[in-house]
Colleague: 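Pasting a structure here, questions to come.
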Amino acid sequence: MGPRSVVTFAANTDLGKTILSTALCRGASSLLKTPSAVAYIKPIQTGFPTDSDSRFVSSFCPGIRSNTLFTFTDPVSPHLAAVTERRQLADTTVLQAIQAEMKASSEAMRSHRDAFILIETAGGVHSPTASRSLQSSLYKALGLASVLVGDSKLGGISTTLTAYESLRARDFNVPLILLFKNGRYMNEDVIAENVDAEVVVVPEPPKRVDGVTEQQDREQLLEYFRDLDDQMREVVGKLLK
């Protein structure tokens, strides 16, 4: 049985997609009883090397396969970074690199009965690629199920449902929507009533406090992820069915 692969989208930027991707990878490692059965792929990373989602994920999921395929130093959308850095990156090149990394990951995990590959996109559902096409169109070619990270803030119901319907209009299977808990707005209630997907609410990560060292910040995040492990193990178990 080959690995189950999913691609994570978000209703907008800065909604915690990397935090929740990390939580899913940890849940998969726990469920499959080995991190070597889990792979994380970040196709395009901007703001590198200061920003590195794959470095963040692997730091909290030691032992998994974690790779970034293409990087830009400018911390902006890929289509802008490509202009400022005078680089061309065709969608076909990105797609071929993703498929090659998925194949390499599958080969590395072939001894495992079950395995899990997570591909994390950048920004929102329709954020542009380096070539200015929509990433929703690029990733559609992979034929994978999607996990959508929703927006729990004011206005997030509309943005989440719009993102969900955009993915469904492109024939993505969207079995799962994740969003952080917000006791004031409780967006999950209305979202769940209007989608054919499981909506899972996750506690918010700890906010960084001024004066806290980098090590203390990391320890707080690690404790946060440990508290999520049981919930995420159950979530990934449903994705693997």
Side-chain angles (χ1 to χ4, degrees), residues 1-10 16-45 48-49 51-71 93-122 139 141-149 173-176 178 198 200 202-203 205 214-215 217-241:
M1 184 177 181
R4 177 65 188 272
S5 303
V6 299
V7 55
T8 57
F9 284 99
K17 187 164 67 271
T18 301
I19 290 284
L20 292 174
S21 293
T22 302
L24 287 170
C25 288
R26 285 180 59 92
S29 295
S30 176
L31 178 71
L32 301 174
K33 303 187 186 308
T34 174
S36 63
V38 180
Y40 168 90
I41 303 171
K42 181 72 174 185
I44 302 176
Q45 176 72 61
F48 186 86
D51 297 329
S52 174
D53 292 342
S54 65
R55 184 175 62 227
F56 180 90
V57 173
S58 60
S59 71
F60 290 100
C61 305
I64 75 167
R65 181 184 178 98
S66 180
N67 284 306
T68 302
L69 306 184
F70 301 97
T71 64
T93 301
V94 176
L95 186 61
Q96 289 169 0
I98 295 171
Q99 291 169 330
E101 178 60 21
M102 290 178 67
K103 181 178 180 181
S105 296
S106 297
E107 285 294 315
M109 299 186 293
R110 62 185 175 182
S111 63
H112 300 292
R113 180 179 178 277
D114 294 310
F116 183 73
I117 298 174
L118 186 146
I119 301 167
E120 182 183 348
T121 63
Y139 291 105
L142 295 172
L144 302 178
S146 170
V147 173
L148 176 63
V149 175
N173 174 26
V174 188
L176 174 66
L178 294 172
E198 182 176 7
V200 175
V202 177
E214 184 175 336
Q215 181 59 33
D217 185 54
R218 174 181 164 74
E219 289 173 357
Q220 287 182 333
L221 271 174
L222 182 57
E223 186 63 29
Y224 168 77
F225 284 126
R226 285 171 175 162
D227 289 342
L228 291 185
D229 282 345
D230 287 346
Q231 183 184 19
M232 290 298 105
R233 182 168 55 244
E234 181 179 347
V235 167
V236 174
K238 293 178 181 178
L239 289 174
L240 288 175
K241 288 183 179 178

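Note that the numbering runs from 1 along the sequence shown for the chain. The analysis underlying the following values was restricted to heavy atoms, covering all of them including side chains, and did not include hydrogens, waters or symmetry mates.
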Colleague: If you measure only the distance, is there a donor-acceptor pair under 3.5 Å linking the side chains of His112 and Ser36?
Modeller: yes
Colleague: Do the non-hydrogen side-chain atoms of Val174 and Phe9 ever get within less than 4.5 Å of each other?
Modeller: no
Colleague: For Arg55, does its backbone N or O pair with a side-chain atom of Ser52 as donor and acceptor, under 3.5 Å?
Modeller: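 The answer is yes, because a donor-acceptor pair under 3.5 Å joins these two groups.
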Colleague: Answer yes or no: is there a side-chain heavy-atom contact under 4.5 Å between Leu142 and Gln99?
Modeller: yes
Colleague: Can you name the residues that form a side chain to side chain donor-acceptor pair (under 3.5 Å) with Ser30, not counting sequence neighbours?
Modeller: Arg233
Colleague: Taking Thr71 for its side chain and Phe48 for its backbone only, find out whether a donor-acceptor pair lies under 3.5 Å.
Modeller: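 No; zero donor-acceptor contacts below 3.5 Å.
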Colleague: Could you measure the distance from the OG atom of Ser5 to the CD1 atom of Ile41? Nearest 0.5 Å is fine.
Modeller: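 CD1 of Ile41 is found 7.0 Å from OG of Ser5.
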Colleague: Do Cys61 and Tyr40 have side chains that get closer than 4.5 Å, going by heavy atoms?
Modeller: no
Colleague: How close do Pro43 and Leu69 get, counting heavy atoms only, and between which atoms?
Modeller: O-CB, 3.4 Å
Colleague: Report the C-alpha distance between Ile98 and Ile119 in whole Å, list the side-chain angles of each, state the deciding distance to 0.1 Å, and finish with yes or no for side chain to side chain contact (heavy atoms under 4.5 Å, CB included).
Modeller: CA-CA 9 Å; Ile98 295 171; Ile119 301 167; 3.9 Å; yes
Colleague: Quick one: closest heavy-atom pair of Ala115 and Leu32, and the distance?
Modeller: CA-CD1, 3.8 Å
Colleague: Which atoms form the tightest heavy-atom contact between Tyr224 and Pro203, and what is the distance?
Modeller: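 So the two residues come closest at OH-O, 2.6 Å.
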Colleague: Out of curiosity, Leu118 CG to Thr22 OG1, how far, rounded to the nearest 0.5 Å?
Modeller: 9.0 Å
Colleague: Looking at CG of Leu24 and CG of Leu178, how far apart are the two atoms once the value is rounded to the nearest 0.5 Å?
Modeller: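 Separation between the atoms: 5.5 Å.
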Colleague: Evaluate the side chain to side chain contact (heavy atoms under 4.5 Å, CB included) criterion for residues Val202 and Leu20: first the C-alpha distance (whole Å), next the side-chain angles of each, then the deciding distance (0.1 Å), finally the verdict.
Modeller: CA-CA 9 Å; Val202 177; Leu20 292 174; 4.1 Å; yes
Colleague: In chain order, what residues pass the salt bridge (Lys or Arg N to Asp or Glu O under 4.0 Å) check against Glu214, with sequence neighbours excluded?
Modeller: none
Colleague: So which atom in Ser54 and which in Ser66 form the shortest heavy-atom distance, rounded to 0.1 Å?
Modeller: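 What the structure gives for the nearest pair is O-OG, 3.0 Å.
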Colleague: Is the shortest side-chain heavy-atom distance between Leu144 and Val6 below 4.5 Å?
Modeller: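 The answer is no; the side chains never approach within 4.5 Å.
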Colleague: State the CD1-CG distance between Ile19 and Leu221, to the nearest 0.5 angstrom.
Modeller: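 Between atom CD1 of Ile19 and atom CG of Leu221 there are 5.5 Å.
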Colleague: Sequence neighbours excluded and cut-off under 3.5 Å, please list the side-chain donor-acceptor pairs for residues 234-241, or say none.
Modeller:
| residue | atom | partner | partner atom | Å |
| --- | --- | --- | --- | --- |
| Lys238 | NZ | Glu198 | OE2 | 3.0 |

Colleague: Is any side-chain heavy atom of Arg26 closer than 4.5 Å to a side-chain heavy atom of Met232?
Modeller: no
Colleague: On a heavy-atom basis, which atom in Ser29 and which in Ile64 lie closest, and how many Å separate them?
Modeller: OG-CG2, 3.6 Å
Colleague: Output all residues satisfying ring pair (Phe, Tyr, Trp, His ring centres under 6.0 Å) with Phe70, sequence neighbours left out; order by chain, then residue number.
Modeller: none
Colleague: Could you state the interatomic distance from CD (Glu223) to CG (Leu228), rounded to the nearest 0.5 Å?
Modeller: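 That separation rounds to 10.5 Å.
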Colleague: With sequence neighbours excluded, what pairs up with Asp217 under the salt bridge (Lys or Arg N to Asp or Glu O under 4.0 Å) test?
Modeller: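 Here the qualifying residues are Arg208.
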Colleague: Would you say Arg65 and Met109 make side-chain contact, with heavy atoms under 4.5 Å?
Modeller: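 Of all side-chain heavy-atom pairs linking Met109 with Arg65, none is under 4.5 Å.
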Colleague: Can you find a pair of side-chain heavy atoms, one from Asn67 and one from Ser105, that are under 4.5 Å apart?
Modeller: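 With C-beta onward as the side chain, the pair stays apart.
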Colleague: With sequence neighbours left out, what residues match Phe60 under ring pair (Phe, Tyr, Trp, His ring centres under 6.0 Å)?
Modeller: Phe56, Phe225
Colleague: To check you understand the geometry: which heavy-atom pair defines the closest contact between Lys42 and Glu120, and what is its length?
Modeller: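 In terms of heavy atoms, the two residues are closest at CD-O, 3.5 Å.
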